[in-house]
Each structure stands twice: as structure tokens, then as C-alpha cells.
Amino acid sequence: MYVFVALFLVGVLIMVGELAFKGKGWAENELNRHVYSTDGTPSAKGSITDRTGQLLFSIDEESEKSYNSSSNIRKATLHLIGDRLGNISTGTERLYAEYMCDYSQLEGLYAVVNNSRGTNITLNVCAQANIAAMEAFKDRGGVKGCVLVYNYRTGELLCSVSMPTYDVEDIPQNIGSSEKYEGVYLDRTIKGLVMPGSVMKIVTGISAVENIADIDTRTFRCDGKIHLDDGSMKCVNASDGGCGYVSFEEAFNNSCNVIFTQAADEIGAAKLTRTANELGFNTDLFMADLVPIKMSRVNFGKTHTQAFSRASVGLGENLLMNPSHLLGIVGAIANGGTGYAPLRVKSCIGTFVNKSFQPSIMVQLNPDVCSLMDKYLHSNVTNVYTGEYGIDFSVDFAAKSGTGALNDDEGNNVWFAGYSRDESLPLAAVCMVENIDNSYGGGATLAGKIVADVMEYFDENRDIVS
Amino acid sequence: MLTLFQLFCAAGVLAKATEGTFTLVIAFLGFILIEWLYMLLGTAITGSDYFELESLAFFLCGIGLTISALPNSSNRTKINADGEITSSYSANESLKTLVFIALGVVIYLVLIYILRDVDLAIKFRYPAAIASLGLLAMNIVLGSGLNGTKSWVAIGPVSFQPSEFVKVAFILVGAVTLEYLISNQSLILYIGYCLACIGGVVLLKDFGMVLIFFVTFIVIAYFRSGDIRTLVFIVTGAVLAGLAVLYNSETVKGRFATYRHVMDEGIITNGGWQQAHAHIYMASGGLFGVGIGNGKMRMQGEGVSDCVFATICEEMGLIIGLSILACFVGIMLYAIRAAKKAGSSFYAIASVSAATMLLTQLALNTLGLTDVIPFTGVTLPFVSEGGSSMLCCWGLLAYIRCGGTEFRPPIPKVKAAAYTQTRRRMWH
């Protein structure tokens, strides 16, 4: 009989043990109506503010949700916060619901149920900077794409805008049918994967610096075209007979496909793939805390083939780039080797929750490699983007542009990725515009100008960064 | 202390109640009055000045009353697809619970009065056996319930579970039979009775009840270990268990399919719904609960019956939940200790068997709900909403009380040597 009682007590111990170790996960389950509504969105009292303390979103005691009173702020922060119905699965409201849960092992969800102060989530992002980026994007003619700016020393994400967007308090009637709102629920900053164009040359350039000992002192030759095993690759200056005899730095300035193909051939597919993988390519997701960044992917194929050449210069169907990932790569170059993943949330403070988030390293480079890459990217700005195109960066800037030509009726994807070399404004930025008509120009003339506009905003409002 | 705790619970209920507050006050005050009346007058019938068992039972009943007083899945206002109100919440349900508690106490006292005289109890053996088989037969013919079970019988506005009353008779018949197990005829009759009871419950497809009866049968048989008759008991039990499993194979398969997977995506919405919610809301309660009436588990199916333990842990906290479990362990330890000093083997067997029945039911309820063992869907004794269960639990408590009270020992009708041998084997 005592054995029977003992067996029962063992069962009770197992029950209590499971509650102790797994209870938090159980309490944070989406079926918990103390924390989640029937549509799967959080219902516990709480709020989300930006880094300046501006209230962006709140849930009150009655589980009523409300957003900022400004339409521009609502539009500019839509993908960061999330929408009412949970269509934007990567909104902070959903991703950080476990913190809004305010769970305590001793008290359970007492704080949530009995309407204590709730959890406040503070973002690193500045809402006003988002508005500046959103307006710059629209003013320059962009429809779909994104803008990202972060502090490469700390990983703080200061600006994150995904387009198209809409006002969550005034949902357009045609949101489900109009091409204008295609992919509107997708946060392109973390889930976007598009052909990168010549910004991929940053990756090829890193591999060249790592694997070709005299890359900086050699002279390369471009006569407009390079023949491959199954085709050829043309230089952007092919009509002028190619770039001629140039250094690697000049090849960067010219964004010469022929010289980058030569360099890639010399590196070989295996080493180029290794560089890409070490930079984070082909790993499915990088969880920057709870934010899932869909990492870039590339398949170089065999050396000296057309597919290999196209991938190494940023073209073709075997290559897709993610904006946040690229931000981490340029951030690593700017930061002397350590590239942080953009950190969206600064802190979660509730009755029982008190968590500050630290940046996580997404990319790690050799400092010597970064030094040479910095030289090339800075040279791009001084000699080409400012020198030739007249784009005025209000700070000392280093960058690379890219234009990924799609099928005839789809236009181009244009990119611009760079960073400030001003120690007092340590910001890296990426802008990507999808499906833009050729008439708008390439990566430099469109995406580059958007980045310049955004950098100007930060230059004029340096207190945001500190 | 108990009264203070119950007043605290009453305050919690009244703070949350939006209607029927006067009725709720009557219900709680009436409950406290029953407790005090019993404490003052119960000695006259039980012959004991100690009320440990009854205090535990009143503690458990009080928690049950607290949890079921407010709107829950069974008494909330219901609206059909056309927007019409099909039933409304009424605080009168708490009065119904109070009535059943009172009736339970009456049954408890009546049973104790009968059981004080073993000869008198023996006379009830055959009537109890016949009545219980009759109830089972009625249940099989007229029964209905959830998930294919046929546990409930409705006669007019009244619904009850006949199988609950069979439990009380099962122990009486078993204990009396073993007191007089000197012939094969007694053995055959008793085995026949057990086969009929357990077989009947199998036909009701109430797998939890089958297990309860089977474990109780094993315990009763255990007291006779060592001779051929006991071996027959054990084998019969094993065969019964095997038949029960085979008969309920689809049900058993379903239970085992979700076992240890209730929180898995796909299982939650397919067989694991109640258990998954039990996990979620027990965790939400923490040690001290989210507050009486603030829980969500009470609105889930069976939230105040089979799943009431999760509701209690959510609203009153894990500490109260564990206190409930400790009560039953205490009852079991009381029964074991008391049986060693019992006036006859009848009291010892009845006492321990009844305690085993309660503890088995508790284990199936709480450990099944929390997925420590496969879920079987039985009520939590004394606590779950349900009049039949409440009456049965007080009936079982009477056996346990009798085991601990020094009644006049009966004159054994077996040879002295055999009597001593039986007593010795009970505890080895």
C-alpha cells in the first residue's frame, strides 16, 4: 500500500517538475487567452515605444490595441510593430509576445491577468528617421524595397522601413488586389531575398583580398569581354572597349564584370563558396534575438562557367541577397571585422520582465581584409558616386552600388550599401529598390540618393545616434 | 482555520460575481453551517472526537463549491446559432452543490451507523450486490454521455451516474466476502459479481472507471495473498483487465496516441485540446493563482468536472492544488494506519479499499490531465461538480472512518488459526 502511495508521489513530482521546467513555454502558447486573442495576436497589456520614447503601439486593460496618432508614423513603423490581424508575422508585437506575457515562475501570469503596468518594449529604431527614409524612398520613385540604417559599433538598428506600406488605421480597400500592395505584409528588411547586382562584388572582393596575395598591387586587363567555358561575360564599359589596364581598386570603381570574373576564376569556386559561407550565405535563418533574418544564398557552380561568373558579379538565378545580411557585411568592414546583426529591440521592461538585449555577431572578417575593402569602397564614393554622379554624402562615406537586371518587363533591382567613416556617426546603411524602371537609373543614382538623403537626416540629428 | 479559508474563498467569489450574490452568500454560509453542525453533533454517531477525515473532506468540498459557483463551461449563459439564449447562468447551481454536500454527509453518517455493526453490514451484502448490478444494467440500457461513453442516466430533469453508487456497493460486497471467504462457493459468487461489475463498466466504455474498479479489486484480493483462492483472484483480475483493454482498443489507442505529445502542434487540436489547455493554464497560475474567477480554464469543456484540477491550479495556485493531493495521501495513510488496528478484517479491507479507490481516481484525474499518465477522464473526488460523485465519495469516506474507529469487534465465524493467518497475511 505504501508502494502505491510512493508511486503516486513520484507521479506528482514528475508533474511539478514539468511545470517548473516547461511552464514558461506552456504559458506563452498561442492558445493562452490571457496573453493572445483568438486571431493569434497578443492581447496582454503592454506598449512599444521607439528609442526617443515615442509611443508607437499599446494594448490596454481591455485588450484594445491602439497605434500612434500620426498616420506617417503608423505607415513608417508598420512592419516593425505588426498589424491588427497578425498578417505581418514578423512584427515586434508577435515576435516579442513572450515578453509581453510578463511571466513569472512564482506568480504565473498574475501580473497580466490583474492588469499591472504591462510590459513596455523599447525599440532601437527612431520613428522620425523611419519617416525620413520612407519619404526619401517615395520621393525618389521607389515602390517596393527597403531602407536600413544601423550603428555598426553597437548593432542598434536605427532605421528600418519596408515598402510598400499602409496605414493600419485606414486599410486600403484594394490592399489584396492592387499590384501597388504586392507583398505588403512582407518585411523586406529581414525576409527580402532578391538579386543583388554588383553589391555582390563586395563578397567577391573580400574573397579576392583573402585569397590573392598581390590583389592590391596587380594590374588587370579588361578588353570588354571574357570568354568562359559555356559563354562570355561583358564589361559595363564594353562599348568603349573595356576598362583597359587597371588596378583592382579601379575595377571596383568601374564595377568591372570582366576583372571580377578573372579574380573569381583565380580564386576558384570552392574558395569563393567558402568565403560566402563564412559570411553567412546558405544558412537558412539567423535569429538576431527573436527576429528571423532570412540569410542570402548563392550557388557558384563550376569555375569559369557563365553561371559562376554571373554569381560572382551579382547576377543570375543562383544568387539571392538579403538586405539585413548585407548590412551586417558592410558593418563588419566598417567595424574592423565584427559585423553585428541589426538589433531591433533595446529592452523589455515589465513587472517581472526586465531584459536588455545585446547585439549578436553575424559576420566576422579579418581586420586586414576590412582595411583594404574600406579603401576600395571609399574610393567608389570619392571617384564615382560623388566624383562622377554628384551624389553628396554629408559625411565621409564608403559604399558599393548594384543593379540586378531582371527580365525585360520586371525592370531592375537596385542596391546601395555603405557606411559612414565618421567616428562620431558610425552608421551603415543599405537601400534596396525592387522592380524599378530602367529610366530611373542604376543603384547609385536611385538607391544611392536615398541613402544620401537618410544619412543627411542622421547627420542633422546626431542626438538620435547617441 | 478551515472556516477562515472558506470565508476567504467566499469573498473571492463574491468579489467576482455579477449576479446572484445573495444566493452565493446563502450557499457558502450554509456550507459553513453544515461543517459546524457536523463538528458539534457528529460525535454522537461516529463515536469519535477527532474530525481529521471530515475536515479534509470539507476542505475539498469547499474548494469545489468555490470553483463551481461562478460561471463556467457547464453553467454559463449559452447562445445558439440564431442568437437565442438557450440557458442562463444561475447562482442556484451553488445551492445544488450545497444540497449534495449535505446529502453526502447524511449518507456518510447513515453508512457509519450501519457499518458499526458488522453483522448488520453483512446483511446488506446481497441487497447491495443486486442493487448495484441493477443500476449498472439500467446504466447500460439508458445511459448516454460524451465520446461514446454511457456514464449518465437522465430521469426527467435529474441526471446521475449509477456507476458511482456501484463503487460503494463493490467495496461492501468485497470486504464482507473476504471476511467469510471459506468456501469455493463464496469465491465463485464474488468473482461472478466482480466480472459483472467490471464487465458492466466496460460496456459503458468508461475506461477510467474500469481502472478504478480493477485496482480496487487487486487491493481487495491482496489481503488474501498466499493461498489458491488469491491466485485465482489475481488471474481473474488480469483477464478482466486484458478484456477491458481489448474491448476499448480504439479508445485506448486514441489516448496513447496523444500521451506525452499533448503540446505538439497537430495533437493540440486533435485529441489533446483539454490537456493542452490544462498545461497552459496550470502554468499561468503559478504558485498562488491568478485569482478566483479570473481563470480561462473554467470555460473549457469539463472545466469544473474532469479538468477542475487545472482550473484550481490556475485560479488558486499550485500550492492549493498540491494541498488537495496531500489531502488524499493523508486519507490513504490514515486508512493504512487505522486498518492495522481495525476491529476486524472487514473494516481493514473496506477502509484501505475505499482509500485506494479514492487515490486511484485522484491519480487518474490529476496525473492523466497533466499527461504524466494517459488521460482517462474521471472526476476529482469531493471537488468536481457532480452530485453522484459527491455522494459516492462521502460513502467511501464512511468505510475509511470505520476502519479507524474502535467499534465492537465481531465474533469471527472462522477457525481461530485461519483468522490469525488472514490477519498476518494482510500486512506482508
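Lettering of chains follows the sequences in order, A, B, ..., and the numbering in each one begins at 1. Since the structure is predicted, the reported quantities are computational estimates derived from the model, not experimental observations.
- Per-residue counts of heavy-atom pairs under 4.5 Å with chain A were compared for B/Val215, B/Ile373, B/Thr360, B/Asp371; the largest is that of B/Thr360.
- Heavy atoms closer than 4.5 Å to chain B are found nowhere in A/Leu7, neither backbone nor side chain.
- Most heavy-atom pairs under 4.5 Å with chain A: of the set B/Leu318, B/Thr356, B/Thr366, this distinction falls to B/Thr356.
- Residue pairs meeting the side-chain hydrogen bond (donor to acceptor under 3.5 Å, both in side chains) criterion with at least one partner in residues 322-332 of chain B, sequence neighbours excluded, do not occur; the list is empty.
- B/Met282 has its side chain out of reach of A/Trp26: every pair of non-hydrogen atoms, C-beta onward, lies at least 4.5 Å apart.
- Scored by the side-chain contact (heavy atoms from CB on, under 4.5 Å) test, A/Ser43 finds A/Ser37, A/Ser63 as partners (sequence neighbours excluded).
- Contact annotation: the side chain of B/Thr370 never approaches that of A/Glu18 to less than 4.5 Å [non-hydrogen atoms, C-beta and beyond].
- Within the 4.5 angstrom heavy-atom criterion, only side-chain atoms of B/Met332, from C-beta onward, approach chain A.
- The two residues A/Asn114 and B/Val290 have their closest heavy-atom pair at ND2-O, 3.2 Å.
- In this structure, B/Trp273 and A/Leu31 have side chains that are in contact, with non-hydrogen atoms separated by less than 4.5 Å.
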### Task
For the pair B/Asn294 and A/Tyr110, evaluate side-chain contact (heavy atoms from CB on, under 4.5 Å) and give the outcome as yes or no after the intermediate values.
CA-CA 9 Å; B/Asn294 289 335; A/Tyr110 182 84; over 6 Å; no

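- B/Leu322 touches chain A through its side chain: at least one heavy atom from C-beta onward sits under 4.5 Å away, while N, CA, C and O do not.
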### B/Leu325/A/Met15 under side-chain contact (heavy atoms from CB on, under 4.5 Å): CA gap, chis, key distance, verdict
CA-CA 12 Å; B/Leu325 305 185; A/Met15 177 187 79; 4.0 Å; yes

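- The shortest non-hydrogen separation linking A/Tyr103 to B/Ala283 is CE1-O, 3.3 Å.
- Checked against A/Phe4 for a side chain to side chain contact (heavy atoms under 4.5 Å, CB included), the options B/Ile336, B/Leu359, B/Val352 give a single hit: B/Leu359.
- No side-chain heavy atom of B/Gln300 sits less than 4.5 Å from a side-chain heavy atom of A/Arg33.
- Options B/Gly317, B/Gly285, B/Gly286 differ in how many heavy-atom pairs under 4.5 Å they form with chain A, and the most are formed by B/Gly286.
- Within the 3.5 Å criterion, the main-chain N or O of B/Ser284 finds no donor-acceptor partner in the side chain of A/Asn32.
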### Message
Determine whether B/Met263 and A/Asn29 satisfy the following criterion, side-chain contact (heavy atoms from CB on, under 4.5 Å), listing intermediate values before the conclusion.
### Response
CA-CA 9 Å; B/Met263 297 305 290; A/Asn29 189 286; 3.7 Å; yes

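- At a 4.5 Å heavy-atom cutoff, B/Phe328 makes no contact with chain A through either its backbone or its side chain.
- For a residue to count as touching a neighbouring chain, one of its non-hydrogen atoms must lie under 4.5 Å from one of that chain's; by this rule A/Glu28 does not touch chain B.
- At a 4.5 Å heavy-atom cutoff, the contact between B/Ile280 and chain A is made by backbone and side-chain atoms alike.
- Your options are A/Leu106, A/Ile14, A/Val16, and the one with the most heavy-atom pairs under 4.5 Å with chain B is A/Leu106.
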